[in-house]
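Here's the structure, in structure tokens; my notes come after.
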Amino acid sequence: MNNVSEELQDKSLFHTDLFIDGKWQSTEKRFSVSNPANRTQIAEVAFANETEIDDAIRAAHRAFVAWKKVDVAQRAKVLSRWCGLLHENKEDLGRLMNMEQGKPYREAVGEIKYAASYLEYYSEEAKRIKGDLLSSPFANAHTLVLKQPVGVVGIITPWNFPAAMFIRKVAPALAAGCTCVVKPDERTPLTAYAIMELGRRAGLPPGVVNMITGDPPEIGKRLATHPKVAKISFTGSTQVGKLLMRWASGTVKRISLELGGNAPFIVFSDADLEEAVKGLMLSKFRNSGQTCICVNRVFVHASVIKPFAVLLEKAIHALKVGDSITDYDLGPLIDESAVHKVDRLVRGACEAGAHLCCGGKRLKTDQLFYAPTVLKGVTPDMDIFKEEIFGPVVTLIPFEAEEEVLEMANNTPYGLASYFYTRDAGRIWRISKELEYGMVGVNTGSISTAWAPFGGIKQSGFGREGSAYGMEEYLQIKYVNWHE
Ligand code: SIN
């Protein structure tokens, strides 16, 4: 047991058991969670069996009967209190996240605030659920359109944002009147369990949010096939998303999927190059390159690629890599398979003719830190162009014409985030319309906010999170034909 976990235990924020029907529940079987920065074990966490998975679903189903009827002002109050508790405990939660996920502490605290912003947003949006009253073709009749909560939601969240992805789904679900069974990723369950405890303190009634960990395929399949679960919301790989879609089809469940990406970042010849490098660094190296909206392919107009590369090199040399709580920019990758994947893509690109400008290796043998890397001469036939890198690697690709770069940028089955830099207003409009992506950042590397609809198209999934659009995912329409 290390200092962080001991201190958090004293504050009752270090939880390793299942949370079902408002109670912490231990299990015989446990699995181990370790710190990716030094690979030491930090906890033994509960592993739910079939009965416990079903208990969580049943608890959520029972709680739904009452929660959907709780007045909206009361639901909003619970979200608002939970938001306050996240802010009050952000340093502790940040240290916990830093320890289990490896994200720099500063970024981890930023993620807690980002998560809290969804609670704040949906505590307000809860008050704005509106139906409709339409004209009726019949005399003395009314067509009412009601928006009602969909029911129990099975929520499966990833390791790269253990706080924000959990809250981004749960906040609109609760605001709409749904109840939830949440499965955080088994590599990073501690932050989610600590936030769950804060939800309990905020006044969530028993069963409204339940949290379980265990065997991911077993829990995923049970949630997606269980007749009492009305909807699945998942953030993770496209491969698992497809599996969940297949399983969910048996009971025709609603489903929202936020899956992999392959984000292009285009720098036109008239761009402010210093700003473009700042935007690239922000997007590319956030969470050490492990976000679904991270830049994957950097297209730079041939006339400015040299000065752009010089500025980029300078920014990369200034990055600090670290393994402690102190200030640093880049942490470890999540596990050994993540390092292998990044290394395979970099080596494959070099063997196929790309030029390694810097990095291209692990920082220390036997550790999960990968050096910030820049590759020039990447081409569309290379795996590094086609696959999501999920690591601190920049691929530089020159282009000459607008049509050419659009063709390359859209040449992927994914469609989550995209970015471009230009000062030409006509081009901003043209390119924004032509990019086949759910999100476009223009002259910015930052697009994430609770105020906007986050989500993708093509094989990056469907459904939106954030803004009023995010609330619609948890509401269903009922039409009432009322004759007087
Ligand atoms: C993600 O990687 O899926 C989430 C990133 C974000 O919300 O900014």
Side-chain angles (χ1 to χ4, degrees), residues 86 97 101-104 106-122 155-172 182-185 187-188 191-192 195 232-241 244 256-265 279-296 331 333-334 338 341-342 387-393 414-419 437-441 444-467 469-470 473:
L86 249 61
M97 194 191 303
Q101 203 264 326
K103 180 173 293 188
R106 192 170 25 85
E107 262 189 66
V109 173
E111 186 187 329
I112 299 300
K113 291 195 259 178
Y114 178 44
S117 74
Y118 284 91
L119 287 165
E120 183 185 2
Y121 191 91
Y122 285 107
I155 289 177
I156 305 174
T157 60
W159 53 265
N160 61 343
F161 287 89
M165 297 305 102
F166 158 32
I167 293 298
R168 177 152 98 184
K169 295 175 189 306
V170 162
V182 183
K183 189 199 88 61
D185 192 280
R187 282 161 285 191
T188 55
T191 310
I195 293 177
I232 293 291
S233 179
F234 169 71
T235 295
S237 72
T238 297
Q239 194 194 359
V240 174
L244 286 166
S256 306
L257 300 173
E258 197 249 281
L259 308 175
N262 185 356
F265 185 98
L280 173 60
M281 295 300 291
L282 191 68
S283 169
K284 177 70 254 186
F285 293 102
R286 179 172 173 227
N287 200 15
S288 310
Q290 303 173 106
T291 85
C292 304
I293 56 170
C294 262
V295 171
N296 219 51
L333 299 189
I334 189 69
K341 180 183 179 188
V342 173
E387 291 182 35
E388 189 174 33
I389 304 170
F390 244 59
V393 181
Y414 300 105
L416 191 59
S418 57
Y419 309 85
Y437 291 85
M439 295 175 283
V440 184
T444 179
S446 163
I447 52 173
S448 306
T449 164
W451 297 37
F454 189 106
I457 57 172
K458 292 160 82 178
Q459 292 193 30
S460 290
F462 45 80
R464 292 294 178 269
E465 297 184 320
S467 76
Y469 295 97
E473 301 289 327

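Ligands are counted one by one from 1 in listed order, and the atoms in each one are counted from 1 as well. Just so it is clear, the values below take in all heavy atoms, side chains as well, and ignore hydrogens, waters and symmetry mates. Residue numbers start at 1 and run along the sequence shown.
- Here the CH2 atom belonging to Trp159 is positioned 9.0 Å from the NZ atom belonging to Lys103, to the nearest 0.5 angstrom.
- Scanning the protein heavy atoms around atom 5 (C) of ligand 1, the nearest turns out to be Phe161 CE1, 3.7 Å.
- Heavy-atom contacts of Tyr114 reach the following atoms of ligand 1: 6 (C), 7 (O), 8 (O) (cutoff under 4.0 Å).
- Looking only at distances, a side-chain donor or acceptor of Ser288 sits under 3.5 Å from a matching main-chain atom of Gly331.
- Both tests do not hold together for Lys169 against Phe234: distance to the six-membered ring centre under 6.0 Å, angle to the ring axis within 45°.
- In this structure, a donor-acceptor pair under 3.5 Å is absent between the side chains of Gln459 and Thr238.
- Contacts between Met439 and ligand 1, counted as non-hydrogen atom pairs separated by less than 4.0 Å, are absent for every part of the residue.
- Not a single N or O atom of Met165, backbone or side chain, sits closer than 3.5 Å to an N or O atom of ligand 1.
- Closest to atom 3 (O) of ligand 1, if we only count protein heavy atoms, is Glu258 OE1, 3.0 Å.
- Panel note: side chain Ser418, backbone Met439; a donor-acceptor pair is recorded below 3.5 Å.
- Nearest to atom 2 (O) of ligand 1 among the protein's heavy atoms is Cys292 N, 2.7 Å.
- Listed for the Gln290 side chain is a donor-acceptor partner under 3.5 Å among the backbone atoms of Asn287.
- Heavy atoms from other residues, nucleotides or ligands lying under 6.0 Å from NZ of Lys341 number more than 12.
- Any N or O atom pair closer than 3.5 Å counts here, and Thr291 shares no such pair with ligand 1.
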**Asked** Can you list the steps and then say if Tyr419 with Ile293 is a side-chain contact (heavy atoms from CB on, under 4.5 Å)?
**Response** CA-CA 10 Å; Tyr419 309 85; Ile293 56 170; 3.7 Å; yes

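- Geometrically, ligand 1 and Thr235 share no nitrogen or oxygen pair separated by less than 3.5 Å.
- Ligand-side atoms of ligand 1 in range of Arg286: 5 (C), 6 (C), 8 (O), range being under 4.0 angstrom from any heavy atom.
- Considering each of Ser448, Gly456, Ala450, the one bringing a non-hydrogen atom nearest atom 6 (C) of ligand 1 is Ser448.
- At a 4.0 Å cut-off, not a single heavy atom of Gln290 sits close enough to ligand 1 to count as contact.
- In the displayed structure, Phe462 atom CZ is contacted under 6.0 Å by more than 12 heavy atoms of other residues, nucleotides or ligands.
- For ligand 1, the atoms lying closer than 4.0 Å to a non-hydrogen atom of Asn160 are 2 (O).
- By the criterion of a heavy-atom distance under 4.0 Å, neither the backbone nor the side chain of Ile447 is placed next to ligand 1.
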